[in-house]
> 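Before anything else, here's the structure in question.
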Number of protein chains: 2
Amino acid sequence: MASIKDIAKIAGVSISTVSYALNGSNKVTEETRQRIKKIADDLKYVPNMAARTLKRQRTNIIGVYVTDYRGSFYGELLDGIKRGLGYYDYDMIVCSGSRSHLFIPEKMIDGAIILDSTFSTEEITQFADEDYNLVVLDRELDYSSVPQVLLDNKGGATLAINQLVELGSRKVFLITGPNGSYDNRQRLEASVKELERFNMSYDVINGNFTEASGHQAAEFIFSKSPQVPVDIFAFNDEMAIGIYRYLKDKPYVIGRDVRIVGFDNIEIGEFLEPKLTTISYSKHRWGIIAAEKMIRLVSNEQAEDELIYTSLVERE
Amino acid sequence: MASIKDIAKIAGVSISTVSYALNGSNKVTEETRQRIKKIADDLKYVPNMAARTLKRQRTNIIGVYVTDYRGSFYGELLDGIKRGLGYYDYDMIVCSGSRSHLFIPEKMIDGAIILDSTFSTEEITQFADEDYNLVVLDRELDYSSVPQVLLDNKGGATLAINQLVELGSRKVFLITGPNGSYDNRQRLEASVKELERFNMSYDVINGNFTEASGHQAAEFIFSKSPQVPVDIFAFNDEMAIGIYRYLKDKPYVIGRDVRIVGFDNIEIGEFLEPKLTTISYSKHRWGIIAAEKMIRLVSNEQAEDELIYTSLVERE
DNA sequence: TTGTAAGCGTTATCAC
DNA sequence: GTGATAACGCTTACAA
């Protein structure tokens, strides 16, 4: 509410003196600084963001865009980003929905970290052409100015297939995500490649990363009374959970008659019975690295693409 | 990048004409409006947020403050708030961490919806005194200008106890949240009151709403080889999950030897074996109502407190 | 119907 | 060391 004008009036100095005093310039005596700071505190002065931004042409805020707020997937990632940005005195806000895409050209934020399928790649490249600072976590882009921090989906899928191979699998059901998803395409490509290397047969069943689609896929598989053991690589854990749910009142025993590998290592997996074997990676680290890339961008430094490696979590 | 100045220059008009044309004022001919709009589009003009805010003195953005980003708890709530605000042309950003509290006095946001224990109640009342628009979801406050949208914790706790009573319970273990939590205190108070009404005995075991503390509580209870059935009211689902995990390799059978009621109805509950009985409420509706209160505030209308009612979800 | 100009709250450049 | 003052990009009352 109070502005530097008010402070200046009370202190009997000009507004520029107030500004200098408050911003720690050495152009003002220690004594006046103290006096002015005291008045500012008494008035509970806080600089107006809009005015400061208008002048400075930056906000020190980074926007993180997510597809939606649901799911236990984002929490750790956001924590990581926030931590990474905090080291460098940047604030973070989390946004979702296409209206908030406007924050970018409006210059409300100094940069955007994107894990949000409501951004079209075209939209992103347009922003990139206009020199906004962007980091993408959910797609490949042929834009050297937009660093990508991507999951090593191929490595993860290869690990998953190998695990099934080691268990003696002869045939694998692949339950995929939606076609539009970059992660899905990568996982599929690597899985097929690895399966063919071992000369194994496989069936591709289209899912869409939701628990419901996993349930459906299981229905499809088991309604044909397949030969046990049935081996399944679900391209994410949520779909694997759908399979668990389908099998709950069926005679098939998970771990013996059905072997499932998931992807993402979401929290629930550990509470399933039996615990879900899955492909894991550090979401926290993913966030920290994304933040680092963004910091480099706003500092006008070059930022390289980076891969987040995966590992197999073998459970029951 | 392009400003109305650029547009004015190209169109050969003054900046005010551009502003009028773009803001749909009827002070300019349809013809010039079209011409100017065309140029603006070509230049990909987007108004600068800081400048507009500085002039208008509002941002049309509401900040939602959460304690942290983890847990599957917030997703639906945020969805609800976003939906509720969207109806009225307000944007929403999600914030966490004490640094971002500054957004409020900086006037970066027109109001704050708070579900964030890092706000002290003193801080909130100070902001309220300075006439910022606040809605709280996580505490009681004697401030008529700050509407509260609270869970009916007492109703929920009463339901939980009644459920155990109906199952024939004689004694109940209450596993609480942290002392500082308003929700926890309410649940405890109502539970005790209800238990005493039925003349039942009970033990209070201090937890802190984390899964780990639920696990510990279970360890404490079962290490004393208690008389079965053991009846437990865990003040949230996460702690109930901790109990499940503890009991996994123990001889006690949940549903027969141990009966547990949780609180919150988080998603995981349905995948536990057996499914978790819990106290439920619509997080989505909670969010929508919180948004409505905020809209009333920014419209300078009176907003009443409101309670979000709970129900028992009886599972296995 | 269009243009001029003041003002929003800061920061920063220049005189003094 | 301090004070005027221009500038950031926009909206809007008023003048033309």
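Quick caveat, the model's predicted, so the values are computed rather than measured. Lettering follows sequence order; numbering is per chain, from 1.
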> Does the side chain of Met108(A) come within less than 4.5 Å of Ile93(A)'s, by heavy atoms?
yes
> Distance check needed: dT11(D) P versus Ile7(B) CD1, whole Å only.
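My rounded result for the distance is 11 Å.
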> Salt bridge (charged side-chain N to carboxylate O under 4.0 Å, His left out) with Lys293(B): which of Glu304(B), Glu301(B), Glu306(B)?
Glu306(B)
> Distances under 3.5 Å between protein N/O atoms and the N/O atoms of nucleotides 14-16 of chain D, please, pair by pair.
residue, atom, partner, partner atom, Å
dC14(D), N4, Lys27(B), NZ, 3.2

> Under 3.5 Å, is there a donor-acceptor pair between the Ser14(A) and Thr17(A) side chains?
yes
> Does the side chain of Tyr69(A) reach to within under 4.5 Å of the side chain of Leu77(B), using non-hydrogen atoms?
no
> Does Thr17(B) make a side-chain N or O approach to OP1 or OP2 of dT1(C) shorter than 4.0 Å?
no
> Report the end-to-end axis angle of the helix from dT1(C)-dA16(D) to dC16(C)-dG1(D); each axis comes from five terminal pairs, and the value is rounded to 10°.
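It works out to 50° between the end axes.
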> Looking at side-chain heavy atoms only, is the closest gap between Trp286(A) and Leu151(A) below 4.5 Å?
yes
> Show me the side-chain donor-acceptor pairs of residues 82-92 of chain A shorter than 3.5 Å, one per line, residues at least two apart or across chains.
residue, atom, partner, partner atom, Å
Asp89(A), OD1, Arg99(B), NH1, 3.0
Asp91(A), OD1, Arg99(B), NE, 3.4

> Base, backbone or nothing for each nucleotide of nucleotides 5-10 of chain C, written B, S, -, heavy atoms under 4.0 angstrom, 5' to 3'?
B-BBBB
> By the 4.0 Å heavy-atom rule, please label Ser25(B) as base, sugar-phosphate, or nothing.
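Nothing, no nucleic acid heavy atom in range.
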> Give, ordered by number, those residues of residues 33-44 of chain A having at least one heavy-atom distance below 4.0 Å to an atom of DNA chain C; if nothing qualifies, reply none.
none
> Under 6.0 Å between ring centres, would you say that holds for His101(A) and Phe127(A)?
no
> Let me check something: any side-chain donor-acceptor pairs from residues 142-149 of chain B under 3.5 Å, sequence neighbours excluded? List them with distances.
residue, atom, partner, partner atom, Å
Tyr143(B), OH, Asp129(B), OD1, 2.7
Tyr143(B), OH, Asp129(B), OD2, 3.2
Gln148(B), NE2, Leu141(B), O, 2.6

> Quick check: are there more than 12 heavy atoms from other residues, nucleotides or ligands sitting under 6.0 Å from CZ of Arg285(A)?
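At most 12 heavy atoms, drawn from other residues, nucleotides or ligands, come within 6.0 Å of this atom.
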> Hey, is CD on Gln302(A) packed in by over 12 heavy atoms from elsewhere, all under 6.0 Å?
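Check fails, neighbour count at 12 or below.
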> May I ask you to say what Thr32(A) touches in the nucleic acid, namely base, sugar-phosphate or nothing, with a heavy-atom cut-off under 4.0 Å?
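Sugar-phosphate contact only.
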> Where do Asp41(B) and Lys37(B) land on the salt bridge (charged side-chain N to carboxylate O under 4.0 Å, His left out) test, with the steps shown first?
CA-CA 6 Å; Asp41(B) 280 352; Lys37(B) 280 212 164 146; over 6 Å; no
> Pick from Val136(A), Asp116(A), Asp138(A): which one makes a side chain to side chain contact (heavy atoms under 4.5 Å, CB included) with Tyr65(A)?
Asp116(A)
> When you compare the side chain of Ile104(A) with that of Ile109(A), does any pair of heavy atoms fall below 4.5 Å?
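Yes, at least one pair of side-chain atoms sits under 4.5 Å.
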